[in-house]
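Presented below is the structure to which this report refers.
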Number of protein chains: 2
Amino acid sequence: MAATQLQTFKAQFFRALAHPVRIKILEILIGGDRSVQELQASLGLEQPVVSQQLSVLRNQGIVTSQKFGLSVRYALRDPAIEELLDVARRIFNNHLVGTGVMLRELRREARRG
Amino acid sequence: MAATQLQTFKAQFFRALAHPVRIKILEILIGGDRSVQELQASLGLEQPVVSQQLSVLRNQGIVTSQKFGLSVRYALRDPAIEELLDVARRIFNNHLVGTGVMLRELRREARRG
DNA sequence: TTGCTATATACATATATTCATATAATCACT
DNA sequence: AGTGATTATATGAATATATGTATATAGCAA
């Protein structure tokens, strides 16, 4: 049996996560909803870059957006996204860690929960 | 703070999952290790295609390979991969499902466990 | 060595993503 | 209507990924 429509859909979902800036955005949003401005400040990136990456996450239904006056606040659509990133971190932690830098970063993350 | 090395690494990991054939391969490997031949038969794809996708998974340390005579058997390096796919499925199930076809496929998967 | 099988890699081309920059749209306020 | 602030989209060049086909490598058997 070849790959189905569902597998294609799952692949698209994972592709939406396949970018360092988008990962970082999700990690920030785990702490609660944020405006584009706030995200931009946390990320230290140009505004269009942030909006572009947000649109990728929005198109896959991973985040939701809501207007409040001038600003737009983004949030995780599903708290299970945090769980997903946790499982991913466990996998890295178990096996995939090569360099000392990354190992240190991982441990810092783990301590923060 | 911009994206770190660790976030880049995570992004690469998710990119390795971002392909329907690779998703399908992982789902097969959840059932136990398989030779390239067996995978090829299950997938109904040309041999080079299967090897190419396996090499992506291998390079990210998601699967391991071991030679037995002529054949090479592949396996999940970490059982938590199954957990990761489960969480992903829960996320789809909660929110991301549009068409009836996919919903039916999802439910079939859920029933199988 | 030769031949056969299983697997991996190389290569070319098509397609998709990224990144930076420019521009547009939306809203609030005067 | 006009202005400033916030966010979104368009565009093009650079880069990366996917796909299909050809070829290479490795092991086994005769």
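Labels below follow one simple rule: chain letters A, B, ... track the order of the sequence lines, proteins then strands, and each chain is numbered from 1. Any value given below was found using the heavy atoms of this structure, including those in side chains, with hydrogens, waters and symmetry copies removed.
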**Fill in**
Sequence neighbours excluded, the answer for side chain to side chain contact (heavy atoms under 4.5 Å, CB included) partners of A:L70 is none
**Dot-bracket encoding per residue of DNA chain D, Watson-Crick/G-U cut-off under 3.5 Å, | denoting interstrand** = ||||||||||||||||||||||||||||||
**Message:** Rounded to whole Å, please give me the gap between CD in A:E46 and P in C:dT23.
**Reply:** 16 Å
**Fill in**
Between CG of A:L57 and C1' of D:dT7 the distance, given in whole Å, is 16 Å
**Request:** For B:E83, check salt bridge (Lys or Arg N to Asp or Glu O under 4.0 Å) against everything at least two apart and list the hits.
**Result:** A:R90
**Request:** Could you state the atom-to-atom distance from CD of B:E38 to P of C:dA6 in whole Å?
**Result:** 11 Å
**Atom-to-atom span, CD of B:Q40 to C1' of C:dA8 - whole angstrom** = 13 Å
**Message:** Is it true that A:R73 and A:Q66 share a donor-acceptor pair across their side chains at a distance under 3.5 Å?
**Reply:** no
**Asked** Any ion pair linking A:R22 and A:E27 (charged N to carboxylate O, less than 4.0 Å)?
**Response** no
**Qualifying salt bridge (charged side-chain N to carboxylate O under 4.0 Å, His left out) pairs, either residue in residues 58-71 of chain A, two or more places apart** = none
**Request:** For A:Q40, enumerate each residue passing the side chain to side chain contact (heavy atoms under 4.5 Å, CB included) test, keeping only those at least two apart in sequence or located in another chain.
**Result:** A:Q47, A:V50
**Asked** Expressed in angstrom and rounded to an integer, what is the separation of B:L45 atom CG from D:dA18 atom C1'?
**Response** 13 Å
**Prompt:** Base, sugar-phosphate, or nothing for B:R58, non-hydrogen atoms under 4.0 angstrom?
**Reply:** sugar-phosphate
**Prompt:** Who pairs with A:A16 by side chain to side chain contact (heavy atoms under 4.5 Å, CB included), at least two apart in sequence or on another chain?
**Reply:** A:V56, A:Q60, A:I62
**Request:** Would you kindly give the CG-to-P distance between A:L43 and C:dA20, to the nearest whole Å?
**Result:** 14 Å
**Asked** Is any side-chain N or O of A:Y74 closer than 4.0 Å to OP1 or OP2 of D:dT6?
**Response** no
**Fill in**
With B for base contact, S for sugar-phosphate-only contact and - for none (protein heavy atoms under 4.0 Å), nucleotides 23-30 of chain D reads ---BBS--
**Item:** Results of salt bridge (Lys or Arg N to Asp or Glu O under 4.0 Å) for B:R15 - residues two or more places apart only
**Value:** none
**Request:** Sequence neighbours left out, what passes salt bridge (Lys or Arg N to Asp or Glu O under 4.0 Å) with B:R34? Give chain and number order.
**Result:** none
**Request:** Measure the distance from CG on B:L39 to C1' on C:dA6 and round it to the nearest whole Å.
**Result:** 13 Å
**Item:** Given C:dT7, C:dA8, D:dT7, the nucleotide with the shortest approach to the side chain of B:S71
**Value:** C:dT7
Would you tabulate the nitrogen or oxygen pairs shorter than 3.5 Å linking the protein to nucleotides 11-18 of chain C?
{"from": "C:dT17", "atom 1": "OP1", "to": "A:R15", "atom 2": "NE", "distance (Å)": "2.9"}
{"from": "C:dT18", "atom 1": "OP2", "to": "A:R22", "atom 2": "NH1", "distance (Å)": "3.4"}

**Prompt:** B:L17 CG to D:dT17 P: how many Å, rounded?
**Reply:** 14 Å
**Complete:** B:N59 meets the side chain to side chain contact (heavy atoms under 4.5 Å, CB included) criterion, sequence neighbours left out, with B:S55
**Under the salt bridge (Lys or Arg N to Asp or Glu O under 4.0 Å) test, residues paired with B:E46 that sit two or more places apart** = none
